[in-house]
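For the numbers below, each heavy atom of this structure counts, side chains included, while hydrogens, waters and symmetry mates do not. Fair warning: this is a prediction, and the values are worked out from it, not measured in the lab. Counting starts at 1 for both ligands and their atoms, following the listed order.
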Amino acid sequence: MIVAIGGSDPSGGAGIQADIKTITVFGGYAAAVITALTAQNTLGIAGVVAVEPSFVGQQLELVLTDLPVAAIKIGMLHSAAIVREVAAVLESLAFGIPIILDPVLISSSGTPLLDNPGIRALCQLLLPQAALVTPNLPEARLLTGLDIQSGDDFGLACDHLLAGGAAAVLIKGGHLEGDTVVDYLRTGEGLEYRHRAPKLTSQSTHGTGCTLASAIATLVGEGRTLADAVAQGHAFVHQAILEAHPMGKGIGPLNHLCQLAR
Ligand code: PLP
């Protein structure tokens, strides 16, 4: 079973809702620890109410002390206090369980989802526990402080995050100009992998980061190698965008169920 830790998206495209759907279609059993409720739809985020940090910790502790957890996926954490709480519980109860850390810092519509003290706490306390961290370009800039301008800078940014304690780093290049999206995976053991795909023009990309990280967590929990899990996660997200049914007035959800349709 896979534990997703993150925020609720009532429109169902991102956050915990995307995590549960993705883990389920990959054949995993999804457990969910909620850190915050957002009020949002495809047009953006209108409000956030955080869960009491100690209650986030209590949810996580009860899941980890009872259920057979194969992997943990972390998404939106909202505040430094929640980061600290989650990090402390993981440190005492998640030894040996792979942690896939999606550093959710800012929504694509521009709403900050983790404040600056939270970013510092994440780098200090969660990065060293992560089997993989999966920033997109703006998140990689915020986490490293580096002025990443092109794919050529990804290696340096990866090294920065590996030096910060992550066991592996996947930088998602979808925000770069050009017709091709290049994602870059580098592990602490020196494995390097570039994933190239044609950039899709689509209005259905809300929650791609959550979905990719949940797919990777489920596959890693099954015992796949990181490189395999990342490659299969990419293929799934690509297909889920291609087969999305346009929904809402803004940026709509992927079709998480595209594999079931076959
Ligand atoms: N809401 C929640 C709860 C999330 O976890 C995330 C992203 O991870 C978002 C919103 C933002 O999703 P997007 O930037 O794809 O719109």
For residues H206 and D9, is any side-chain donor paired with an opposing acceptor at under 3.5 Å? yes
Spacing of NZ belonging to K73 relative to CG belonging to L212, to within rounding of 0.5 Å: 9.5 Å
Taking every heavy atom of A32 against every heavy atom of I20, the minimum-distance pair comes out as CB-CD1, 4.1 Å
Ring centre gap for F26 and F236 strictly below 6.0 Å: yes
Judged by modelled atom types alone, do E85 and S54 share a side-chain donor-acceptor pair under 3.5 Å? no
For ligand 1, list all ligand N or O to protein N or O distances below 3.5 Å, rounded to 0.1 Å.
from, atom 1, to, atom 2, distance (Å)
ligand 1, 1 (N), Q40, NE2, 2.8
ligand 1, 14 (O), S108, N, 2.8
ligand 1, 14 (O), S108, OG, 2.9
ligand 1, 15 (O), G207, N, 2.7
ligand 1, 16 (O), S108, OG, 2.9
ligand 1, 16 (O), H206, ND1, 2.7

For D183 and R194, what are the C-alpha separation, side-chain angles and deciding distance, and is it a salt bridge (Lys or Arg N to Asp or Glu O under 4.0 Å)? CA-CA 6 Å; D183 289 359; R194 281 183 187 76; over 6 Å; no
